[in-house]
2 protein chains.
Amino acid sequence: MAEPTANEGQSLTRNQGAVLSALKGADKPLTAYDILGLPKIRKAGLKAPLTIYRALDKLMDQGLVHRIESLNAFVHCDHGPHDHATGFLICSDCGRTLEVHLDDCEDHLAGRAREQGFAVDAVKVEMTGRCPDCAAAEAARSRTS
Amino acid sequence: MAEPTANEGQSLTRNQGAVLSALKGADKPLTAYDILGLPKIRKAGLKAPLTIYRALDKLMDQGLVHRIESLNAFVHCDHGPHDHATGFLICSDCGRTLEVHLDDCEDHLAGRAREQGFAVDAVKVEMTGRCPDCAAAEAARSRTS
DNA sequence: CGGATAATGTTATTATATAACGTTTAAGGC
DNA sequence: GCCTTAAACGTTATATAATAACATTATCCG
Ligand SMILES: [Zn+2]
Ligand SMILES: [Zn+2]
Ligand SMILES: [Zn+2]
Ligand SMILES: [Zn+2]
């Protein structure tokens with residue numbers, strides 16, 4: 001149960017550290033209100049939605065947290081801060097997500113935008129489906145139908 | 001100001017037609033509440049959020065409307081129904097969007113997912129930046145600084 | 001017609017996010 | 001240290017987005 005380590009300890013405030021720690025401890029994305037409801041968070045003294053959102057904003061600025069648009073939820077970035085496009089695989093069964101690198105594809109996508117005269121700031125890719133575990137479970141269910 | 005035409009007239013209900021017509025008449029994505037506030041919509045007798053959401057759900061089922069996750073808004077599909085991934089360029093200045101085809105890139109993205117054992121159902125790409133008009137306006141502003 | 005299915009109407013409620021404003025804390029210059 | 005300033009925080013209220021629950025009506029098919 002490491003408290004804020006290495007690069008995080010440098011510039012994170014108490015609230016930011018608490019929120020980041022909550023996301024690290026979760027096995028899937030959490031909404032702001034999910035975070036707000038965690039006992040650890042309440043005990044740390046965070047008790048208003050705005051407090052959570054403010055911490056999340058700063059964490060996203062620093063690239064430590066990503067927002068999953070299609071879930072209105074937030075997840076810790078396990079890739080270390082990066083500037084390339086964020087890509088997520090989202091399991092519609094269990095809600096878990098997996099972040100993937102898109103270095104190469106990003107160029108292709110941004111190129112498509114430039115063709116249209118668009119100046120791209122950020123690229124977000126979200127793919128919905130079933131994770132390996134849930135796909136296996138589903139296959140098992142259909143065999144025993 | 002054509003009322004529901006061609007393929008739409010076939011299976012759209014009154015509410016669905018009204019909502020689709022509203023989206024077609026807009027020059028950018030509209031939220032459900034934006035739609036609800038339109039005089040044409042009120043006059044057509046639609047007056048509850050749920051009415052709008054139900055119509056939008058059906059329109060999305062039919063591929064006539066897309067949801068822009070990062071705006072919580074909806075936009076008419078001007079590509080005709082399609083099964084490939086949806087990609088959107090979103091102007092953070094004026095709010096307008098442009099739909100782009102991603103046929104080729106989709107395979108690449110889905111392949112990246114399969115590497116991870118993920119079974120992909122849907123791919124969504126949203127790119128934020130500035131549209132040609134707004135980029136030009138910004139350039140003009142900076143010259144006259 | 002009669003029965004099933006899909007769509008709608010209505011009200012209330014839940015979920016997500018921000019506004020406004022004052023106070024406290026942290027950081028840096030002198 | 002002390003002053004200045006900017007950032008972060010606390011608190012309350014409010015705005016925005018989406019769904020639940022349940023009764024009613026339209027549509028389709030045999
Ligand atoms: Zn990341
Ligand atoms: Zn899963
Ligand atoms: Zn489309
Ligand atoms: Zn623009």
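In the text below, chain A, chain B and the rest are named by the order of the sequence lines, each starting its count at 1.
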Only counting residues at least two apart or in another chain, list the ones meeting side-chain contact (heavy atoms from CB on, under 4.5 Å) with [X].
| X | value |
| --- | --- |
| Asp103(A) | His84(A), His101(A) |
| Leu36(A) | Tyr33(A), Arg42(A), Pro49(A), Ile52(A) |
| Arg114(B) | Ala110(B) |
| Val100(A) | Leu89(A), Leu102(A), Arg112(B), Gln116(B) |

Rounded to whole Å, please give me the gap between [atom1] in [X] and [atom2] in [N].
| X | N | atom1 | atom2 | result |
| --- | --- | --- | --- | --- |
| Ile52(B) | dT19(D) | CD1 | C1' | 15 Å |
| Leu36(A) | dT12(D) | CG | P | 14 Å |
| Ile68(B) | dT16(D) | CD1 | C1' | 18 Å |
| Ile35(B) | dT16(D) | CD1 | P | 16 Å |

Quick one: list whatever passes salt bridge (Lys or Arg N to Asp or Glu O under 4.0 Å) with [X], sequence neighbours left out.
| X | result |
| --- | --- |
| Asp61(A) | none |
| Asp121(A) | Arg130(B) |
| Asp78(B) | none |

Contacts under 3.5 angstrom, residues 65-72 of chain A side chains, donor-acceptor by atom type, not counting sequence neighbours:
unit_1   : atom_1 : unit_2    : atom_2 : d
His66(A) : NE2    : His82(A)  : NE2    : 3.1
His66(A) : NE2    : Glu99(A)  : OE2    : 3.1
Arg67(A) : NE     : Glu69(A)  : OE1    : 3.0
Arg67(A) : NH2    : Asn72(A)  : OD1    : 3.0
Glu69(A) : OE2    : Lys124(A) : NZ     : 3.2
Ser70(A) : OG     : Glu126(A) : OE1    : 2.5

**Asked** Which residues pass the ring-ring contact (aromatic ring centres under 6.0 Å, His included) test with His108(A), sequence neighbours left out?
**Response**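 Here no residue qualifies.
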
**Prompt:** Using rotation axes that map the C1' atoms of four end pairs onto the next four (five pairs an end), what angle separates the end axes of the helix from dC1(C)-dG30(D) to dC30(C)-dG1(D), to 10°?
**Reply:**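 The end axes of the helix from dC1(C)-dG30(D) to dC30(C)-dG1(D) are about 40° apart, to the nearest 10°.
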
**Asked** Which value, rounded to the nearest 0.5 Å, describes the distance between Lys58(B) atom NZ and Leu56(B) atom CG?
**Response**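 Going from the NZ atom of Lys58(B) to the CG atom of Leu56(B) covers 12.5 Å.
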
**Item:** Base versus backbone protein contacts along nucleotides 9-28 of chain C [heavy-atom cut-off under 4.0 Å; B, S, -]
**Value:** BB-----BBBBB--------

Any protein N or O atoms within reach of nucleotides 25-30 of chain D? Criterion: under 3.5 Å, listing atom names and distances.
none

